[in-house]
Number of protein chains: 2
Amino acid sequence: MSISSRFAVGIHILALIEINKEGISSSEFLAGSVNTNPAVIRKIMGMLKKAGLVEVHPGIAGAKLARDLSDITLLDVYKAVNVVQENELFSVHEEPNPACTVGRNIQDTIGPLFTAAQLALEKTLRNVTLEDVVKDIVDKDKINSKELSN
Amino acid sequence: MSISSRFAVGIHILALIEINKEGISSSEFLAGSVNTNPAVIRKIMGMLKKAGLVEVHPGIAGAKLARDLSDITLLDVYKAVNVVQENELFSVHEEPNPACTVGRNIQDTIGPLFTAAQLALEKTLRNVTLEDVVKDIVDKDKINSKELSN
DNA sequence: TTACATGTAATCATGATAGTTACTTTATGT
DNA sequence: ACATAAAGTAACTATCATGATTACATGTAA
């Protein structure tokens with residue numbers, strides 16, 4: 001099991017739109033960087049648009065960020081791309097036996113515990129903004145360039 | 001996407017072995033409570049056994065806990081049933097374009113962020129023991145019984 | 001109206017899940 | 001020794017999400 005790479009791709013897309021803000025970020029351009037099919041980008045872009053993270057219009061090439069970089073958290077992206085349904089990161093067997101003490105209580109006992117774990121994860125994602133991500137990408141790139149030039 | 005119900009079933013199994021400790025917890029008995037096939041239980045039991053959480057022997061009916069209830073955390077169960085590979089809760093697109101600033105740095109930037117989120121989730125699971133779970137199940141059952149008798 | 005980009009649907013291969021059946025291996029009791 | 005019973009395990013199935021691909025409809029602008 002793994003959370004869909006749509007999440008990682010969504011972050012990639014948004015970061016690239018920012019870094020390429022002087023240029024035009026078409027689905028083809030973005031697909032070239034992510035290394036996938038433009039239709040995949042457009043589908044994810046549709047989700048980001050629906051969530052109010054990007055502005056993009058039919059017939060007009062290029063996407064723009066709809067909010068300030070520092071106002072978009074990883075949690076926003078995570079929610080936007082629907083990698084996990086609301087409160088369903090963990091799945092629970094649906095029909096335990098009600099004739100058993102454990103069977104008739106396990107769901108109510110486990111539910112809040114799973115929710116707590118999920119919230120801890122989401123809280124971590126909420127503490128990182130796209131601004132942080134872009135800065136880190138740029139920093140890492142400077143270091144790599146320096147290494148190459150030595 | 002959802003984390004496999006093997007995790008929830010694993011917790012169910014262990015809790016039931018404890019509550020039924022005066023009796024014999026065969027795969028058929030456990031399957032009856034979880035409401036699934038005994039072979040499914042045996043497969044999960046094999047994982048719990050491999051992780052040192054239960055004792056179970058071929059030809060001998062019934063499983064026993066291999067550790068004290070208070071010494072088994074939900075994280076132990078989570079790891080035991082292999083619902084998530086080590087450090088791979090989130091998946092990242094494999095081959096971003098190295099000719100792009102974002103493409104050649106996205107993995108290194110995102111990796112630690114995803115790991116942090118995953119660790120936050122795991123930390124939460126580590127803070128809950130099977131003793132807590134069993135107590136809660138028993139408590140909830142008392143309340144339910146009281147409601148039914150009113 | 002031509003060119004081009006987005007929006008979107010249909011199709012496909014792949015992999016994980018959970019269930020089912022059936023068989024082998026091991027231990028116990030007569 | 002043999003019959004019984006349970007664990008261990010492999011093979012097969014249906015179902016579902018993913019990610020890629022193709023194709024086409026929709027919309028914009030020169």
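Bear in mind that the values here come from a model prediction, so they are computed numbers and not experimental data. The sequence lines fix the lettering, A, B, ..., with proteins before strands; numbering per chain opens at 1.
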field: Residues forming a side-chain contact (heavy atoms from CB on, under 4.5 Å) with A:Asn97, sequence neighbours excluded
entry: A:Ala99
Salt bridge (charged side-chain N to carboxylate O under 4.0 Å, His left out) involving B:Lys49 - partner list, sequence neighbours excluded: none
- request: Return the value, rounded to whole Å, for the distance between atom CE of A:Met45 and atom P of C:dT8.
  value: 13 Å
query: Taking only residues at least two apart or on different chains, which pairs with a member in residues 124-139 of chain A satisfy salt bridge (Lys or Arg N to Asp or Glu O under 4.0 Å)?
result: A:Asp136-A:Lys140
field: Qualifying salt bridge (Lys or Arg N to Asp or Glu O under 4.0 Å) pairs with a residue from residues 102-123 of chain B, counting only residues at least two apart or across chains
entry: A:Asp141-B:Arg104, B:Lys79-B:Glu122
message: What's B:Val40 touching, base or sugar-phosphate or nothing? Going by heavy atoms closer than 4.0 Å.
response: base
message: Can you give me the first and the last nucleotide of DNA chain D (5' to 3') that has an atom within less than 4.0 angstrom of a non-hydrogen atom in chain A?
response: D:dT18 to D:dT28
- prompt: Mapping A:Met1 and A:Glu28 to their closest nucleotides on DNA chain C, which lands nearer the 5' end?
  reply: A:Glu28
- request: State which residues pass salt bridge (charged side-chain N to carboxylate O under 4.0 Å, His left out) with B:Lys64; sequence neighbours excluded, sorted by chain then number.
  value: none
Could you go through residues 28-40 of chain A and list every donor-acceptor pair under 3.5 Å that involves a side-chain atom there, pairing it with any protein atom two or more places apart or in another chain?
from    : atom 1 : to      : atom 2 : distance (Å)
A:Ser33 : OG     : A:His12 : NE2    : 2.7
A:Asn35 : ND2    : B:Glu95 : O      : 2.8
A:Asn37 : OD1    : A:Ala39 : N      : 2.9

- prompt: Roughly, in whole Å, what's the span from NE2 in A:His93 to P in C:dT17?
  reply: 17 Å
- request: Please identify each residue that fulfils side-chain contact (heavy atoms from CB on, under 4.5 Å) with A:Met1, with sequence neighbours left out.
  value: B:Met1, B:Ile3, B:Val84, B:Leu89
- request: List in chain and number order the residues that pass side-chain contact (heavy atoms from CB on, under 4.5 Å) with A:Ala63, two or more places apart in sequence or in another chain; answer none if no residue qualifies.
  value: A:Ile17, A:Met45, A:Val56
statement: Closest to the 5' end of DNA chain D, once B:Lys49 and A:Pro38 are matched to their nearest nucleotides, is B:Lys49
task: Take atom CD1 of A:Ile3 and atom P of C:dA16, then tell me their distance rounded to the nearest Å.
output: 16 Å
- prompt: Is the shortest side-chain N/O distance from B:Ser4 to OP1 or OP2 of C:dA18 below 4.0 Å?
  reply: yes
message: Tell me every residue that passes salt bridge (charged side-chain N to carboxylate O under 4.0 Å, His left out) with A:Lys21, counting only those two or more places apart in sequence or in another chain.
response: A:Glu18
task: For DNA chain D, determine which residues of residues 5-14 of chain A have any heavy atom closer than 4.0 angstrom to one of its atoms, and list them numerically.
output: A:Ser5, A:Arg6
statement: Its contact letters, B for base, S for sugar-phosphate only and - for none at protein heavy atoms under 4.0 Å, make nucleotides 21-30 of chain C read BB---BS---
